[in-house]
Amino acid sequence: MIKMLEVTDRALDWMKEELEPNEGQGVNIYVRYGGETQLKQGFSPALTVERIPSDSKVYDFEGLQIFIKESDLWYFEDTELIIDSDEDEIIFDSK
């Protein structure tokens with residue numbers, strides 16, 4: 001299970017403006033093959049907007065629902081994930 005999820009104010013603003021989730025949708029943090037930020041070798045986190053499945057771990061950040069599907073939780077096990085933005089893109093980091 002993910003130990004902690006921290007989302008900076010800059011990242012929240014970026015997600016609200018760039019991803020524009022509709023009512024009933026959330027921001028899904030999912031696992032993809034490859035990428036720059038590899039918490040586990042060969043895979044990296046990414047974001048998409050979609051409806052929130054019932055088996056997801058959901059976090060609420062100032063009304064923005066951010067979730068991780070149960071099938072992707074293995075990737076974040078024992079991780080303290082930090083999501084930030086440099087104004088152009090999202091940056092993933094961990095402690």
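- Looking only at side-chain heavy atoms (C-beta outward), P45 and F76 come within less than 4.5 Å of each other.
- Checking side-chain atoms of D13 against main-chain N and O of K16 turns up no donor-acceptor pair under 3.5 Å.
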Side-chain donor-acceptor distances from residues 21-31 under 3.5 Å, at least two apart:
residue, atom, partner, partner atom, Å
Q25, OE1, N22, N, 2.8

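- The distance from the OG atom of S85 to the CG atom of L12 is 10.0 Å, given to the nearest 0.5 Å.
- Put simply, the side chain of M15 reaches to within 4.5 Å of the side chain of L47, judged on heavy atoms.
- Within the model, atoms OG1 of T79 and CG of L73 stand 10.5 Å from one another, a figure rounded to the nearest 0.5 Å.
- For K69, the side chain to side chain donor-acceptor pair (under 3.5 Å) partners are E50, not counting sequence neighbours.
- Taking both residues in full, the closest heavy atoms of L81 and F92 are given as CD1-CD2, 4.2 Å, listed atom of the first, atom of the second, then distance.
- Annotation: side chain of K3 is not in contact with side chain of E77 (no heavy-atom distance under 4.5 Å).
- No path of Ile, Leu, Val, Met, Phe, Trp and Tyr side chains, each step under 4.5 Å between heavy atoms, connects M4 with I90, placing them in separate hydrophobic clusters.
- L64 and I91 fall into different hydrophobic clusters, defined by Ile, Leu, Val, Met, Phe, Trp and Tyr side-chain heavy atoms under 4.5 Å apart, directly or through other members.
- Salt-bridge check for D84 with R10: passed, with a basic side-chain N closer than 4.0 Å to an acidic carboxylate O.
- Within a 6.0 Å radius of CD in E18, other residues, nucleotides and ligands contribute more than 12 heavy atoms.
- Note on Y59 and V7: same hydrophobic cluster, where clusters join Ile, Leu, Val, Met, Phe, Trp and Tyr whose side-chain heavy atoms are under 4.5 Å apart, directly or indirectly.
- By the 4.5 Å side-chain criterion applied to Ile, Leu, Val, Met, Phe, Trp and Tyr, V58 is assigned to a cluster that also includes I52, F67.
- Scanning both residues, F43 and W74, for their nearest heavy atoms gives CD1-CH2, 4.0 Å.
- Rounding to the nearest 0.5 Å places OG of S56 at 13.0 Å from CD1 of I66.
- In this structure, E20 and V49 have side chains that are not in contact, with every pair of non-hydrogen atoms separated by 4.5 Å or more.
- Minimum interatomic distance between S44 and Y75 (heavy atoms only, all atoms of both residues): CA-OH, 3.2 Å.
- Separation of atoms CD1 (I82) and CD (E6) is listed at 5.0 Å; rounding is to 0.5 Å.
- When all heavy atoms of I83 and A11 are compared, the pair lying nearest together is O-CB, 3.5 Å.
- More than 12 non-hydrogen atoms from other residues, nucleotides or ligands lie less than 6.0 angstrom from CZ of R32.
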